[in-house]
Enquirer: 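Just dropping this structure here.
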Amino acid sequence: MAKASQTFGEWPLKRLLTEVIGSGPKSADDMSHAQAREAFQRILAGEPEDTTLGAFWLANRWKRNNPEELSAYTDVMREESVVTAEPECDPVDCGANYDGKDTSAILGVGAGVVAAAAGTPVVVHSGDYVPSQKATAYKHVLDELGVRTELEPTESADMVDETGFGFYYQPAFNPGIDDLFERRDEMGVRTFVNTIETVANPANADVHLGSFYHLAFAKKLTDLIKESDQLDYSRAIFFQGMEGYDDIRPGYTKVAEWDETGADGDESFEDYEIETAEYGMEMERDDLAVDDMAADSAAITEAVLAGERDDHFADAIALNGAFRMYARQDVDSLDDGLEQAREVIADGSAQAVLEELQAY
């Protein structure tokens, strides 16, 4: 992590606000890569005064960060805060929004376990009621399931290799970002930290599966990956998930798919749609709503993996599991993945993975 005594350049946050980004959403300029790097180094070192930091975060929000700035922030985070622990397998990195969901069930635990049972290793990561929403995230569903979550990174990597599914805990693998918790909480709104923490990639995975609110933001995230010196993703899929989370929504879901090397050998980027009705799933968003986010999501996950439910939740977990297999290119299509997902639920393989996680 950065130290408060380290030497910086010529761009304290107050100067950046005054001379570059602080003149409002229409007239503000973008920072250079070097300026953005220095800004985030100062932030991780705890150097800016609270008011200045808050103003800087808001100015970034108003003017909207470009990929060059976001890649600079990400690289500093990876260099000075993130502690990686790479499993022997090469998992899919699932980076859902850390500030969570508050209406629809979290399906990613069940989906990840299903994918793991089918041979696609998966890692997920989150904090603990992260600002701004401070809503339910991966950690809280796993806690309800009796799975250990407050793990050191090396333990998380071992979990992936032993079970096929692993959880990385933000305070342990990204302490510099965790140290910003209170200051982020005082903001009351999302900042660029909410974006970059989702691509922290603590397992050094090659494939990333994430979510977005708007397609233009997905393109910005793939450009962030391309411009980053610290991220080695060769493939990334982002989709318009429920509540911005990494759960395919009922009905229509927009997807953006990027490959560093496409079928013709060149970089590729395409967007397309997924319609759940095309997979025989006639459901609406309200069909996946729950009252107690963590407890209900855990109970639903456990029942689906045990083969005790044959409803919209079972369909949604199977489809999301298939999407994780497709992201890693372990299946040729979602149809193939969906068939495998249903097989590992029916034969007890998915439940066995969950039991291994609970015993870890």
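Here the structure is a predicted model, which is why all the values come from computation and not from measurement. Count residues from 1 along the sequence.
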Enquirer: May I ask you to decide if P131's main-chain N or O and N194's side chain share a donor-acceptor pair within less than 3.5 Å?
Expert: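 Checked: pair present.
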Enquirer: Grab the two heavy atoms, one from G108 and one from R324, that are nearest each other, plus how far apart they are.
Expert: CA-NH2, 3.8 Å
Enquirer: Would S126 and Q170 count as a side-chain hydrogen bond (donor to acceptor under 3.5 Å, both in side chains) if you check the C-alpha gap in whole Å, the side-chain angles of each, and the deciding distance to 0.1 Å?
Expert: CA-CA 6 Å; S126 80; Q170 186 183 49; over 6 Å; no
Enquirer: Would you compute the distance between atom OG1 of T103 and atom CE of M293 and round it to the nearest 0.5 angstrom?
Expert: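 Interatomic distance, T103 OG1 to M293 CE, rounded to 0.5 Å: 7.0 Å.
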Enquirer: Suppose we screen for ring-ring contact (aromatic ring centres under 6.0 Å, His included). Which residues come up paired with F238, at least two apart in sequence or across chains?
Expert: H208
Enquirer: Shortest non-hydrogen contact from A28 to I21?
Expert: CB-O, 3.4 Å
Enquirer: Show your working on salt bridge (charged side-chain N to carboxylate O under 4.0 Å, His left out) between E260 and K226 and close with a plain yes or no.
Expert: CA-CA 8 Å; E260 185 176 49; K226 288 189 294 183; over 6 Å; no
Enquirer: Looking at every heavy atom in both T136 and I106, which two are closest together, and how far apart are they?
Expert: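 Closest approach of T136 to I106, heavy atoms only: O-CD1, 3.3 Å.
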Enquirer: Give a yes or no on whether the backbone of S32 and the side-chain of Q35 come within a donor-acceptor separation of less than 3.5 Å.
Expert: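 Between the backbone of S32 and the side chain of Q35 there is a qualifying donor-acceptor contact (under 3.5 Å).
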Enquirer: Give a yes or no on whether F217 and F192 share a hydrophobic cluster (residues Ile, Leu, Val, Met, Phe, Trp, Tyr; joining criterion: side-chain heavy atoms under 4.5 Å apart).
Expert: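 In one cluster: yes.
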Enquirer: Apply the test salt bridge (charged side-chain N to carboxylate O under 4.0 Å, His left out) to residues E69 and R64: give CA-CA distance (whole Å), side-chain angles for both, the deciding distance (0.1 Å), then the verdict.
Expert: CA-CA 10 Å; E69 292 167 331; R64 299 182 181 179; over 6 Å; no
Enquirer: Please report the C-alpha distance between E270 and W258 in whole Å, then the side-chain angles of each, then the deciding distance to 0.1 Å, and finally whether the side-chain hydrogen bond (donor to acceptor under 3.5 Å, both in side chains) criterion is met.
Expert: CA-CA 7 Å; E270 62 176 326; W258 170 81; over 6 Å; no
Enquirer: Please list, one pair per line, the donor and acceptor atoms closer than 3.5 Å that link side chains of residues 335-343 to other protein atoms, with sequence neighbours excluded.
Expert:
residue, atom, partner, partner atom, Å
D336, OD2, S333, OG, 3.4
R342, NH2, D315, OD1, 3.2

Enquirer: Under the 3.5 angstrom rule, does the side chain of N60 hit a backbone N or O of W57 as a donor-acceptor pair?
Expert: no
Enquirer: Evaluate R37 against E79 for salt bridge (charged side-chain N to carboxylate O under 4.0 Å, His left out), listing each step before the verdict.
Expert: CA-CA 11 Å; R37 277 189 59 90; E79 292 164 3; 2.8 Å; yes
Enquirer: Keeping to residues at least two apart or across chains, list the ring pair (Phe, Tyr, Trp, His ring centres under 6.0 Å) pairs with something in residues 126-162.
Expert: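 Listed once each, the pairs are Y129-H140, Y138-Y245.
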Enquirer: D161 side chain to D158 main-chain N or O, any donor-acceptor pair under 3.5 Å?
Expert: no
Enquirer: Any donor-acceptor pair under 3.5 Å linking the side chain of S297 with the backbone of A294?
Expert: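 No; judged by distance alone, with no hydrogens or angles, the pair does not exist.
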Enquirer: So D93 and Y233, side-chain hydrogen bond (donor to acceptor under 3.5 Å, both in side chains) or not? Walk me through it.
Expert: CA-CA 9 Å; D93 172 59; Y233 296 129; 2.6 Å; yes
Enquirer: Quick one: which residue pairs count as a salt bridge (charged side-chain N to carboxylate O under 4.0 Å, His left out) with a foot in residues 15-32, not counting sequence neighbours?
Expert: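 Salt bridge (charged side-chain N to carboxylate O under 4.0 Å, His left out) check on residues 15-32 returns R15-E19, D30-K63.
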Enquirer: Report whether V109 and Y98 are members of the same hydrophobic cluster (ILVMFWY, side-chain heavy atoms less than 4.5 Å apart, transitive linking).
Expert: no
Enquirer: When you check the gap from the basic side-chain N to the acidic O, do K14 and E49 get nearer than 4.0 Å?
Expert: no
Enquirer: Is a donor from one side chain sitting under 3.5 angstrom from an acceptor on the other, for T149 and D143?
Expert: yes
Enquirer: Working to the nearest 0.5 angstrom, can you tell me the gap between F313 CZ and M283 CE?
Expert: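 The CZ atom of F313 sits 9.5 Å away from the CE atom of M283.
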Enquirer: Where do F40 and Y73 land on the ring-ring contact (aromatic ring centres under 6.0 Å, His included) test, with the steps shown first?
Expert: CA-CA 6 Å; F40 204 49; Y73 296 151; 5.7 Å; yes
Enquirer: Report the C-alpha separation of E257 and R235 in whole Å, then their side-chain angles, then the decisive distance to 0.1 Å, and conclude whether the salt bridge (charged side-chain N to carboxylate O under 4.0 Å, His left out) test is met.
Expert: CA-CA 8 Å; E257 184 172 324; R235 176 171 164 81; 3.0 Å; yes
Enquirer: Just by modelled atom types, is the Q230 backbone N or O under 3.5 Å from a matching donor or acceptor in the D75 side chain?
Expert: yes
Enquirer: Can you tell me which residue among T120, L107, L305, V304 is in a side chain to side chain contact (heavy atoms under 4.5 Å, CB included) with V114?
Expert: L305
Enquirer: Sorted by first residue and then second, give each ring pair (Phe, Tyr, Trp, His ring centres under 6.0 Å) pair with at least one member in residues 340-360; sequence neighbours left out.
Expert: none
Enquirer: Check for me whether K139 meets the cation-pi criterion with Y169, that is, NZ or CZ under 6.0 Å from the six-membered ring centre and within 45 degrees of the ring axis.
Expert: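 Flagged: K139 positioned over aromatic ring of Y169.
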Enquirer: Can you tell me which residue pairs pass the ring pair (Phe, Tyr, Trp, His ring centres under 6.0 Å) test with a partner in residues 269-306, sequence neighbours excluded?
Expert: none
Enquirer: Does a salt bridge link D271 with K219, judged by any charged N lying under 4.0 Å from a carboxylate O?
Expert: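 Not counted as a salt bridge, because no side-chain N and carboxylate O are separated by less than 4.0 Å.
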Enquirer: Ignoring hydrogens and geometry, is there a side-chain-to-backbone donor-acceptor pair from D99 to V130 under 3.5 Å?
Expert: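 Such a contact is absent between D99 side chain and V130 backbone.
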Enquirer: Give a yes or no answer on whether the side chain of R249 reaches the backbone of Q240 with a donor-acceptor pair at less than 3.5 Å.
Expert: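 Yes.
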Enquirer: Looking at S71 and S228, would you say the former's side chain and the latter's main chain have a donor-acceptor pair under 3.5 Å?
Expert: no
Enquirer: For a side-chain hydrogen bond (donor to acceptor under 3.5 Å, both in side chains) check, start with the C-alpha distance between N174 and R78, then their side-chain angles and the critical distance, and finish with the verdict.
Expert: CA-CA 8 Å; N174 203 350; R78 289 267 301 174; over 6 Å; no
Enquirer: Any donor-acceptor pair under 3.5 Å linking the side chain of E282 with the backbone of A277?
Expert: no
Enquirer: So, are D185 and K134 salt-bridged, with charged N and O less than 4.0 Å apart?
Expert: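 A salt bridge links D185 with K134.
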Enquirer: Between V122 and A115, which heavy-atom pair has the shortest distance, and what is it?
Expert: CG2-CB, 3.9 Å
Enquirer: Would you name the heavy atoms of G164 and A116 that are closest together and state the gap between them?
Expert: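 The answer is O-CB, 3.4 Å.
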